[in-house]
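A short write-up of the structure that comes next.
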Amino acid sequence: MNIDNYTAAALSAAINNGEVTAVDAVTASLKLIHNNASLNNFITVCDIYALREAERIDSEIKSGKRFGKLLGVPIAVKDNICTKGVKTTCASKLLEDLVPDSDAEVVSRLKSEGAIIIGKTNMDEFAFGSANEYSAYGAVHNARDKSRVPGGSSGGSANAVAAGQVPLALGTDTGGSVRQPAAFCGVVGLKPTYGAIERRGVVGLCPSMEQVGTLSKTCDDALLLFSVLSGRDDFSALDGNVRGKTIGVAKEFLSSECTDGVRKAFEQAIQALKSMGANVIEVSVPSFFAGLPTYHVLSSAEAVNSFRKVIKAYPHTELLGAEVRRRMLTGAVVTDGSNYDELYLKAAKVRTVITADYDSALKACDALLCPTTATTATPLGGIIDPHKSHMCDSYLAPVSLAGLPAVSVPFGSEDGLPIGVQVIGKRNAENEILNIGKALMNNAV
Ligand code: GLN
């Protein structure tokens, strides 16, 4: 079988009704992972575990004992999400030998619906980064163009879906780490509402922003995976109908820097929504440009605080990479002495303004639309300037500060590289934004 021809929903249906076995699915997935090992999407591949699990599921299906929303579906899990008995390194040398003795809540939920953990994906060390180049286990090569980055920090997860190795993957998103690699790799990346998914067992460093997110080929699969992870069953099937919906475009989104190709794709996305009967209105998010610096002050401050606990258990900080050190230093500086008031507290106050601005823009419409990133996937080794690398999160970080759900869907391309468009919703409006995302993908240029 060719696993790349299946969505997760179709694969699970085929396994549930006996057309395909879980062993077939796992074997096909492992073959693509090993044949394309040079992409470096995985830090650990769970060959033996996944095949045994598939055999067990197949025999339970035969005896009529097993059903599940993700039955027999191979799934890749970012390496900062704990997996029982399987190394969880956070792409850091510091945690090279960490083997958790229990699963993260999200992993337990996946397993109870019959999903099979196929491996742990590469990422930026401790999820700091936007290119996956800050991994202690080597860079990831974008499946569309191996000389380019997949984005980050969930680069391995997005790229594994893009390469067809798995239909689904888990990522985490604190300031864009699911949505940005989704855009660079040409897949769907959902960051749910803050708090929508239980985070127990996720090695997170920024507790006020971090969320587990989904990577998939379609919006329907994102909804399916989100329903498993959130334990919610109250969603309606996506029909891709946006007639009568109001979509807001903030004028600040249009004045932000982006490449010609990204701007063109974004304008085409607006046209596509109009042609499907949506009303597109102009709104304003005056604090938009404050989002990125505010994010960096707050996320670094939270990270240095959370890291104290990690360092107690794993004191060999000399094993940490340059970007993690930079964040720790930033976090220490912004909370030190009088900086605490001038930088940290100020940023915390600006955050409330940003949140209020997004909320008020969303009062006038059903969802906001903007590009996901300002550029397409950048060349490997190309980001030497950490400031430039941080800049590519300007459309993403403010959404995280506001705790809103957002999805990046592939829409158009520039020089053969995928472009992402971001749909931002009201809190708990995942169903709505995924439906708008589906409508866009149905009309992608
Ligand atoms: N790219 C952003 C950063 O470097 C986001 C990271 C994340 O969401 N984990 O901080």
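Read the numbers this way: they start at 1 and go in the same order the structure lists the ligands and their atoms. Side chains included, hydrogens not; waters and symmetry mates left out as well; all remaining heavy atoms used.
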query = Under a 4.0 Å heavy-atom limit, does S153 contact ligand 1 with its side chain, its backbone, both, or neither?
reply = side chain
ask   = Hey, are the side chains of Q422 and F266 touching, using non-hydrogen atoms and a 4.5 Å cut-off?
value = no
remark   = Sorted by chain and number, sequence neighbours left out, side-chain hydrogen bond (donor to acceptor under 3.5 Å, both in side chains) with D79 holds for T89, K120
ask   = Taking atom 7 (C) of ligand 1 as the point of reference, which of S177, A131, G204 owns the nearest heavy atom?
value = S177
message = If we count only N and O atoms by modelled type, under 3.5 Å, do the side chains of D393 and S130 hold a donor and an acceptor together?
response = yes
message = Please determine whether any non-hydrogen atom of G129 lies less than 4.0 Å from an atom of ligand 1.
response = yes
remark   = dist C82:SG -> D101:CG (nearest 0.5 Å) comes out at 9.0 Å
ask   = Are T193 and E430 side-chain neighbours, meaning at least one heavy-atom pair lies under 4.5 Å?
value = yes
ask   = So how far is it from H296 NE2 to R327 CZ, rounded to the nearest 0.5 Å?
value = 5.0 Å
remark   = Here the atoms of ligand 1 under 4.0 Å from any heavy atom belonging to G175 are 5 (C), 7 (C), 8 (O)
Mind listing the side-chain donor-acceptor pairs of residues 103-111 below 3.5 Å, one per line with the distance, residues two or more places apart or on another chain?
{"from": "D103", "atom 1": "OD1", "to": "K84", "atom 2": "N", "distance (Å)": "2.6"}
{"from": "D103", "atom 1": "OD1", "to": "K111", "atom 2": "NZ", "distance (Å)": "3.4"}
{"from": "D103", "atom 1": "OD2", "to": "K111", "atom 2": "NZ", "distance (Å)": "2.8"}
{"from": "E105", "atom 1": "OE1", "to": "R200", "atom 2": "NH2", "distance (Å)": "3.0"}
{"from": "E105", "atom 1": "OE2", "to": "R109", "atom 2": "NE", "distance (Å)": "2.8"}
{"from": "E105", "atom 1": "OE2", "to": "R109", "atom 2": "NH2", "distance (Å)": "3.3"}
{"from": "S108", "atom 1": "OG", "to": "A104", "atom 2": "O", "distance (Å)": "3.4"}
{"from": "R109", "atom 1": "NH1", "to": "L229", "atom 2": "O", "distance (Å)": "2.9"}
{"from": "R109", "atom 1": "NH1", "to": "S230", "atom 2": "O", "distance (Å)": "3.4"}

query = Near G176, which atoms of ligand 1 are under 4.0 Å from a heavy atom of that residue?
reply = 8 (O)
message = Check contact between R327 and ligand 1, using heavy atoms of the residue and a distance below 4.0 angstrom.
response = yes
query = Under 4.0 Å from any heavy atom of Y295, which atoms of ligand 1 are there?
reply = 2 (C), 3 (C), 5 (C), 6 (C), 10 (O)
ask   = Should you measure from each heavy atom of D393, which atoms of ligand 1 turn up under 4.0 Å away?
value = 1 (N), 2 (C), 3 (C)
inquiry  = With a heavy-atom distance limit of 4.0 Å, tell me whether T174 approaches ligand 1 through its side chain, its backbone, both, or neither.
reply    = both
message = Below the 3.5 angstrom mark, is there an N/O of H296, backbone or side chain, next to an N/O of ligand 1?
response = no
query = Taking the six-membered ring for Trp, are the ring centroids of F288 and Y358 within less than 6.0 Å of each other?
reply = no
ask   = Are any of the N/O atoms in A127 less than 3.5 Å from those in ligand 1?
value = yes
